[in-house]
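Input: a single structure, listed below in structure tokens.
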Amino acid sequence: MGHWSQAVGGPGAAVDPRHFNRKFDARCEAAGVRRITVHDTRHTCATLLAALDVHPRVAMQILRHSQIDVTMNVYTEATSEATRKALKRLGKTLDGS
């Protein structure tokens with residue numbers, strides 16, 4: 001398949017977005033997963049990091065955001081499972097359990 005982040009003009013040069021997207025599409029197809037935009041993979045990454053209880057500042061660094069607000073309010077979604085767990089923990093705390 002070749003190097004999928006092949007740069008135009010050699011190593012260290014800008015990556016051709018069309019080439020990158022073609023390779024990304026081919027890898028999605030080969031993996032048998034639904035194709036999403038490359039940008040959407042950033043949202044997926046942020047949400048998975050949150051589900052893994054990765055500290056928000058660490059997620060911010062991984063995603064290379066300059067502001068925590070962007071990471072938490074734009075990119076990260078709370079899953080239903082995470083919401084249920086949080087409510088159960090809150091209930092136990094309020095019950096004194």
Can you sort out the partners of [X] under side chain to side chain donor-acceptor pair (under 3.5 Å), two or more places apart, ordered by chain and number?
X	answer
Asn21	none
Ser80	none
Arg35	Asp25
Arg57	none

Residues 63-73 side chain polar contacts: donor-acceptor under 3.5 Å, at least two apart:
| unit_1 | atom_1 | unit_2 | atom_2 | d |
| --- | --- | --- | --- | --- |
| His65 | ND1 | Thr71 | OG1 | 2.7 |
| His65 | NE2 | Arg42 | NH2 | 3.1 |
| Asp69 | OD1 | Asn73 | ND2 | 2.2 |

(message) My understanding is that only residues two or more places apart in sequence, or in another chain, count here; which of them pass salt bridge (Lys or Arg N to Asp or Glu O under 4.0 Å) with Glu81?
(response) Arg84

(request) Taking the side chain as every heavy atom from C-beta outward, state whether Thr41 and Phe24 have any atom pair closer than 4.5 Å. (result) yes

(message) Through direct or indirect side-chain contacts below 4.5 angstrom among Ile, Leu, Val, Met, Phe, Trp and Tyr, which residues connect to Ile62?
(response) Leu49, Leu52, Val54, Val58

(request) Using the ring pair (Phe, Tyr, Trp, His ring centres under 6.0 Å) rule, collect all pairs that involve residues 40-61, keeping only residues at least two apart or in two chains. (result)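 For residues 40-61, and leaving out neighbouring residues, the ring pair (Phe, Tyr, Trp, His ring centres under 6.0 Å) pairs sorted by first residue read His39-His43, His43-Tyr75.
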
(request) Say whether, by atom type as modelled, one donor and one acceptor occur between the side chain of Thr76 and the main chain of Thr47 under 3.5 angstrom. (result) no

